[in-house]
There are 2 protein chains.
Amino acid sequence: MDEGQGVALIPPAARQARAHHPRPSIEDVAAAAGVSTATVSRAIRGLPRVAQPTRMRILEIAQALGYAASASAAGLATGRTRSVGVVTPSLRQPAYSAAVEGAERALRGRDYSLVLLHLPHRSASPQLSTDLNMLRRRVDALLVLGADTLGKDQIKQLQRSGMQHIVIGLHGEHVDGEAEAATTAIRHLVQLGHTDLAFFLGEPGAPSWANPQARGLEHCTSALKTEGIKLKEIRIEIGAGAIRNSRRAFSRLWAGPGSKPTAIVCASDEMALGVLLEAAREGLSIPEDLSIVGMDGQDLGESLELTAVIQNSALRAARGAQSLLAALEGERSVTYSAAWSPELMIRQSTARRARNHSAAGMVETEPGRQPRDYG
Amino acid sequence: MDEGQGVALIPPAARQARAHHPRPSIEDVAAAAGVSTATVSRAIRGLPRVAQPTRMRILEIAQALGYAASASAAGLATGRTRSVGVVTPSLRQPAYSAAVEGAERALRGRDYSLVLLHLPHRSASPQLSTDLNMLRRRVDALLVLGADTLGKDQIKQLQRSGMQHIVIGLHGEHVDGEAEAATTAIRHLVQLGHTDLAFFLGEPGAPSWANPQARGLEHCTSALKTEGIKLKEIRIEIGAGAIRNSRRAFSRLWAGPGSKPTAIVCASDEMALGVLLEAAREGLSIPEDLSIVGMDGQDLGESLELTAVIQNSALRAARGAQSLLAALEGERSVTYSAAWSPELMIRQSTARRARNHSAAGMVETEPGRQPRDYG
DNA sequence: ATGAAAGCGCTAACAC
DNA sequence: GTGTTAGCGCTTTCAT
């Protein structure tokens, strides 16, 4: 790090220029063009009541002067900032960073800018409210990523404030996204003929998307039991330890007595990776000997060619942003919360259950099916 | 997706309220407190010339009214927006998202907000300049992530505009970050006694940090040769195909004739993962049979307990942001570019070369060393 | 098609 | 310690 004595790249002349804040104002442009500021304003924003030649001249001059309207002044005059706040609990988790990317794209496409607020812990701290409040006067609307990012009270506060907002990923009264995702994954495997499954999921109390412990899942599992399908639930620490822990859990599972599952659902791609590594070590072929379904399935899942229940959070966030903008421009209210509907992305890590699957894995490949180059 | 007919969670009453934009202004607060707006302004911003009881009263009233100063109005009055723009080429790559996180933290800690600009392709398109220009009037300073994010002309333009900015990750005249990182990694392995190395790196022309093809690296490699150390360079597609490709490359390498390297440097954690998977399949123990060094080494590398050359980009970005703020508040100029100094993070994937290491791997473990639970 | 003028909500001198 | 006042740079009627 050498910020302190970092190389100053600008020549003294430019430095001078900056020191005097020589940013041209709309008046400068108006004067240079010999018109009023009102005309310049219309011309630059592409509003109608300007003669074509006049407009051209103004645009040229503005360009030459390097003029751009001050966001503050425009904002004060119009009452709108042309920016929306995006609050996310994480930037490292692919689902969230993808969502932020999606939102950014949607917003920038409409000439809105995105103010990022990173709220790692969903606490009801006064600090948090302060941060939200700061945002409130800075942006026209709020896109909240993650159902648990804001507490109920904060959501209420938002609603009271009358600020337009959308919460992406909320599992509300009607839909439980997590359970739905888990169900989707399990259904896929059952359809492939698997009757002995393991489910690697988060510890009870784990936050957000990695924790499919909702009653929807319990419905699903009890339904399974009546069909004679075994589903062993294995709780894994999520987050940084997910890979290590799922490796360990898989080893234990495989070394243990009793029948081995022919398919595993993992609540995150990291867990799936752990299973993949350990399975490679055991000499198992994926998906011939063992089917694996991931969740979240963005970058890592894609690279690993993992069949996964994906969130397409980028698209969802983009849509959310679009709704927000539509509401802003159309004056209508969209203050609402959207539920997450997961999609199943079938890739290379699941296959129909081998007919004569032994308890220990290590079975001949189904005829006609190429072994994958998985470990 | 159901934004269109999404559940509106606010009751009609609140909806009414919003419709009338009932945001209190500073005058409302002043009136309610029986003071002037100037006093309110001072009180709220914590400026000195306000009596303690007055301040308390004002703060209370402001709180009760849900007042927060309009950023636009304040910005127009002060000439500063209290926000800085962060431009990043990516949010998915851990190094960048970590950097954004770091910057956000630093900025929010100082009550600045962060406006995000995502510029995936470093093109000289007019669109890009437009976007940059938009930002210019919206933020007080710019933090540019990535050496290649902006083209030379755009940097020049920035400099001319006099906007405060810092570029993080630039390998300038003096330091070549990539080569330095590669050198660091290689040196580590050589010190562990390895004399036969492979280097998985990006294709020529690959962007930014994953492409250590600078002349610094060539210096390093030629130096190695004179020491009798073999370094086989293997070019791998980076990005989405990195894992798959490095698996393939490793298989080929291992199946091929001749001596096998005892250590591998990977230009990204994804490549390292590919190697890890394939090594597990070959029955190799890491690091006993094979040492692996990753690069970028944030989340994935950490989870895999990979020895890696890390960028600590979060810290770097935070420092950059701090410098920017210091400059903004102190009026001094910091327009400069910072170079990246990589650090070696020694974790579990490298070990001293086994004494009687066979060409094929599969060697007894060094006495006294626990085999890792790697695949 | 263009211009004059009245703010938008806040801050910062300056006066008291 | 507190109030008065003059803008900040733009948008937006309303005239012309």
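By convention in this document, chain letters (A, B, ...) are assigned in the order of the sequence lines, proteins followed by strands, and residues within each chain are numbered from 1.
In this structure, A:Ala38 reaches the bases: a heavy-atom distance under 4.0 Å links it to at least one base atom across the strands shown. Counting non-hydrogen atoms under 4.0 angstrom, B:Arg42 reaches a base of the nucleic acid. Within the nucleic acid shown, A:Ser72 has no heavy atom closer than 4.0 Å to any nucleic acid atom.
Distance from the side chain of A:Ala69 is smallest for D:dC10 among the nucleotides D:dT12, D:dC10, D:dT2.
Of the side-chain N and O atoms in B:Arg80, none sit less than 4.0 angstrom from OP1 or OP2 of D:dC8.
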Are B:Val139 and B:Met163 close enough, and set up right, to give a side-chain contact (heavy atoms from CB on, under 4.5 Å), and what steps lead you there?
CA-CA 9 Å; B:Val139 301; B:Met163 159 145 287; 4.2 Å; yes

Would B:Arg55 and B:Arg42 satisfy side-chain contact (heavy atoms from CB on, under 4.5 Å), going step by step from the backbone distance to the final call?
CA-CA 9 Å; B:Arg55 173 171 314 219; B:Arg42 291 189 203 104; 5.7 Å; no

Check against side-chain contact (heavy atoms from CB on, under 4.5 Å), B:Ile26 and B:Ser41
CA-CA 8 Å; B:Ile26 196 172; B:Ser41 180; 3.9 Å; yes

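Atom pair A:Leu47:CG and D:dT11:P shows a separation of 9 Å (rounding to whole Å applied). Here D:dA6 presents its P atom at 18 Å from CG of A:Leu76, a figure rounded to the nearest Å. Atom P of nucleotide D:dC10 and atom CZ of A:Arg82 are separated by 16 Å, given to the nearest angstrom. Between the CZ atom of A:Arg23 and the P atom of D:dC8 there is a distance of 16 Å, rounded to whole Å. In this structure, A:Ile26 places its CD1 atom 14 Å from P of D:dC8, rounding to the nearest Å. Look at CZ on B:Arg45: it is 16 Å from P on D:dT2, rounded to the nearest Å.
Considering only heavy atoms from C-beta on, A:Thr81 stays 4.5 Å or farther from A:Arg138 through its side chain. Here the side chains of B:Leu91 and B:Leu116 are in contact, with some heavy-atom distance below 4.5 Å. Looking at heavy atoms from C-beta onward, A:Glu104 lies in side-chain contact with B:Leu117 at the 4.5 angstrom threshold. Under the 4.5 Å side-chain criterion, counting only non-hydrogen atoms from C-beta, A:Leu325 is in contact with A:Leu107. A:Leu150 places a side-chain heavy atom less than 4.5 Å from the side chain of A:Leu119. No side-chain heavy atom of B:Ile168 sits less than 4.5 Å from a side-chain heavy atom of B:Val144.
Along DNA chain C, read 5' to 3', the first and last nucleotides having any atom under 4.0 Å from a heavy atom of chain B are C:dG9 to C:dA15.
Checking B:Thr78 against B:Gly34, the closest nucleotide of DNA chain D that is more toward the 5' end is the one next to B:Gly34. Along DNA chain C, the nucleotide nearest A:Thr37 and the nucleotide nearest B:Ala68 are compared for position; the residue whose nucleotide lies closer to the 5' end is A:Thr37.
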Dot-bracket summary - DNA chain C, pairs being Watson-Crick or G-U whose distances fall under 3.5 Å, with | when paired to another strand:
||||||||||||||||

